[in-house]
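Below is one structure. I have some questions about it.
Convention: sequence-line order gives letters A, B, ...; per-chain numbering from 1.
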2 protein chains.
Amino acid sequence: MAKLGIKDIAAISGVSPATVSRTLRNPGIVSEETRKKVMKAVEEGGYTPSRFGANLRTQKSGNIIVVMPDITNQVNAGIIRAIERQAQKAGYSILLGDTQGLIEREKHYASMAQSGQADGVLLFTYHMPFNLNHNQPVLKQLPPIVNSCESIPIEGISKVMIDNVSGARTAVEHLLSLGHKRIAAVMGPTDTPSTVERFDGYKSALSNAGIEIDEQLIIRGDYGLDSGMGAMEQLLKLRMRPTAVFCFSDDMAIGAMSVLQENGFRIPQDISIMGFDDIRYARLMTPALTTIHQPLEEIGKACIELLLEQLDGKSEPGRYVELPFTLMVRQSTGPVPVDR
Amino acid sequence: MAKLGIKDIAAISGVSPATVSRTLRNPGIVSEETRKKVMKAVEEGGYTPSRFGANLRTQKSGNIIVVMPDITNQVNAGIIRAIERQAQKAGYSILLGDTQGLIEREKHYASMAQSGQADGVLLFTYHMPFNLNHNQPVLKQLPPIVNSCESIPIEGISKVMIDNVSGARTAVEHLLSLGHKRIAAVMGPTDTPSTVERFDGYKSALSNAGIEIDEQLIIRGDYGLDSGMGAMEQLLKLRMRPTAVFCFSDDMAIGAMSVLQENGFRIPQDISIMGFDDIRYARLMTPALTTIHQPLEEIGKACIELLLEQLDGKSEPGRYVELPFTLMVRQSTGPVPVDR
DNA sequence: TGCTTGGCTGTAAACGTTTTCAAATCTGCA
DNA sequence: TGCAGATTTGAAAACGTTTACAGCCAAGCA
């Protein structure tokens, strides 16, 4: 038996295809009697409406594409989980775009959106992968886009962010309040907006405290575990070691802690470690990692809400939502050692 | 200017829509001259073929749906990343189905596949979410399915697995070889095949060593961090504490380690901890976690390969691929304490 | 020259829905 | 009973491709 189409169901239940469609999409407008007939045929035939026809007719895919640099990262994973749940509630599916940092892959996903494979795009990377074709009225042509985590400097797309500058400043101020003066920064990739912003926060906190920046204490990382290890190794070689290290991600902080403990340093008695993100493992480290909490669930929710509003035409693009971070003081930070 | 369709491009370049389609899908069969004309029009018009029409015509969505219990889990995230990369190479997109353990969501994704929203399904959950409609010739109706991680007891679907029984046995044998006799097991959800299998391995290793199973040392967890903490707390209350704890996941092991260290126990001098999975954080714990390595990348690759072969009709369903695990001996396991 | 072959292209059908429009039926009220 | 309006239904068009089939033309060959 071949797969049944709407026409078959129509024939079986003795109505027109239009009525079958109505019964399924908008049961309220068909009579009780017809509805029963149709539903019976639908169930007995095991009919599932093909999405292809519907997509073509309505020009909607029911998909949202999420473009992320790395889904393996706890921050991204946490956000996309929230997104998926909310999207499903609203009847949308999530197309996963893991770019692994490659621009070409970002473009690939952008073109998927443009070919109708998705109705909207959630951008967590820091490039603008869409071809802003010069012949055309630019943004109007694009599907709705919401940008989060890494702020893309383009007018007219909605954003969901935390205040990275304040977040980093808060982190550093926490260390300053413990008496630290030599505070290292382990940064993410320096071409990411988040790193630039967090570095701004770091600098502003130090300058407010009248402390000059020591270039030796600024290390470039890539947000990953290994780069945290490498950074710490580098810092340990310094003649004048830092008394506290502010890592721009928890992963790097965890890497740093591991190197420190490997080398017999006590945290926080010898060196304080501060992270950023508050991934689920942070509180389980020994010592538990002091960090800046990002509200992943809320970020995901806000992203999808902004996008859905645009898809429903209820809202203009270009909106900006800022979510609060929280300083989580745990055991990996402590007073500056007295003997130094 | 409205969005251009294939007919517009055809008109602009003075050929038929068929030729435009051929130029894009199968450039080899059109003449050099036409190809140039068409490509020029395509580029100048910024034309991207709509997927809707193509999908309808070819009855293919170009999507693969991945059904997972929780994408936030490092194991799943690692696998899906590999899947996504391979799928994209083959021209497929990944639809993310994060079920959060809910059967209804699994069914939802199954029905998406049946309505043509995906050409194939990768199942990492442990239910069979498809309605095996009694009226119909069962499996033939379903899209190709590959099952991994949690083995679903259904004939005729392909599988990619590691040998959980041997993996767990290897883990326990490692502990036995260090002289441990009181070895606790912190299990996953007891209705998951992986937990059942690992528990089998645990029992078989102990029984081979002539050690009787102590029910007090068997704790039920859920593979998550918190359940590892809870399990450890429970074990610490015991009058006769275990000298080693085998956790069925790294997350639970990390939770257990945290509780242990919080309470002043030394690992492995007082208690040895063993995990399963080898997530990226395992080697960065202090002490580094001894565990069973799962080849996530290879699992993902194998899944997609099996599925693609079925989609291409090159291979029958029902194949079984087994991938090797590896014992990673690190610092969290050591000889049984002499003083006990 | 006439015929065949092969390369390239065009015509038109088909994929499976949704939705507009109009027609048919029913309801309630005068 | 007659009519306005509401409710329910059907016919048909449209969505944008791909592809089977047929046709055309040039080239090669006898």
Quiz item: Is any side-chain nitrogen or oxygen of B:Ser21 closer than 4.0 Å to OP1 or OP2 of D:dT17?
Solution: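 Result: no.
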Quiz item: For B:Ser31 and A:Gly53, take the nucleotide of DNA chain C holding the closest heavy atom to each; which residue's nucleotide lies nearer the 5' end?
Solution: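 Result: B:Ser31.
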Practice problem: Would you sort out whether A:Ser61 and A:Asp119 count as a side chain to side chain donor-acceptor pair (under 3.5 Å), showing the intermediate values? | Solution: CA-CA 6 Å; A:Ser61 66; A:Asp119 302 336; 2.9 Å; yes
Exercise. Kindly say if B:Gln59 contacts the phosphate of C:dG16, meaning a side-chain N or O under 4.0 Å from OP1 or OP2.
Key: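 Answer is yes, contact under 4.0 Å.
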Exercise. Check step by step if salt bridge (Lys or Arg N to Asp or Glu O under 4.0 Å) holds for B:Glu150 and B:Lys159.
Key: CA-CA 9 Å; B:Glu150 297 289 356; B:Lys159 295 179 190 247; over 6 Å; no
Quiz item: How close or far is atom P of C:dG16 from atom CG of A:Leu24, stated in whole angstroms?
Solution: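 My rounded result for the distance is 16 Å.
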Quiz prompt | Within residues 64-73 of chain B or reaching into it, pairs that qualify as salt bridge (charged side-chain N to carboxylate O under 4.0 Å, His left out) - sequence neighbours excluded | solution =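 Qualifying pairs, neighbours excluded: A:Arg81-B:Asp70.
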Quiz item: Quick one: is A:Tyr47 getting a side-chain N or O under 4.0 Å of the C:dG16 phosphate, OP1 or OP2?
Solution: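 The answer is no; no side-chain N or O of A:Tyr47 sits under 4.0 Å from OP1 or OP2.
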Exercise. Write down the distance between CZ (A:Phe52) and P (D:dT17), rounded to a whole number of angstrom.
Key: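 Checked: the CZ to P distance equals 16 Å.
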Quiz item: Can you tell me how far P of C:dC8 sits from NZ of B:Lys36, to the nearest Å?
Solution: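 Distance check: B:Lys36 NZ to C:dC8 P gives 14 Å.
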Tabulated below should be each protein N or O lying under 3.5 Å from an N or O of nucleotides 10-13 of chain D; please produce it.
residue: D:dG10; atom: OP2; partner: A:Ser16; partner atom: N; Å: 2.9
residue: D:dG10; atom: OP2; partner: A:Ser16; partner atom: OG; Å: 3.2
residue: D:dG10; atom: OP2; partner: A:Thr19; partner atom: OG1; Å: 2.7
residue: D:dG10; atom: N7; partner: A:Arg22; partner atom: NH2; Å: 2.6
residue: D:dG10; atom: O6; partner: A:Arg22; partner atom: NH1; Å: 3.2

Quiz item: Taking CG from A:Leu56 and P from D:dT17, how many angstroms apart are they, rounded to a whole number?
Solution: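 It works out to 9 Å between those atoms.
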Exercise. Please state how far atom CD in A:Glu33 lies from atom P in C:dT25, giving the value in whole angstrom units.
Key: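 Roughly 14 Å, once rounded to whole Å.
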Quiz prompt | Minimal non-hydrogen separation, B:Ile71 against B:Ala77, with atom names | solution =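 Where B:Ile71 meets B:Ala77 most closely, the heavy atoms are O-CB, 3.6 Å.
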Quiz item: Taking atom P of C:dG16 as reference, at what distance in whole Å does atom CZ of B:Arg51 sit?
Solution: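 From B:Arg51 CZ to C:dG16 P: 18 Å.
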Quiz item: Is the closest basic N to carboxylate O distance between B:Lys36 and B:Glu32 below 4.0 Å?
Solution: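 Looking at B:Lys36 and B:Glu32, the cut-off is met.
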Practice problem: Would you kindly give the NZ-to-P distance between B:Lys7 and D:dT17, to the nearest whole Å? | Solution: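 To the nearest whole Å, that distance equals 9 Å.
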Quiz item: Looking only at heavy atoms, what is the nearest atom pair of B:Ile145 and B:Met128, with distance?
Solution: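 Minimum heavy-atom separation between B:Ile145 and B:Met128: CD1-CE, 4.0 Å.
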Self-check item: Length of the NZ-P vector between A:Lys60 and C:dT19, whole Å
Solution: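 Checked: the NZ to P distance equals 11 Å.
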Quiz item: Thinking salt bridges, do A:Arg85 and A:Glu297 make one under a 4.0 Å N-O criterion?
Solution: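 Between A:Glu297 and A:Arg85 there is a salt bridge, with a charged N closer than 4.0 Å to a carboxylate O.
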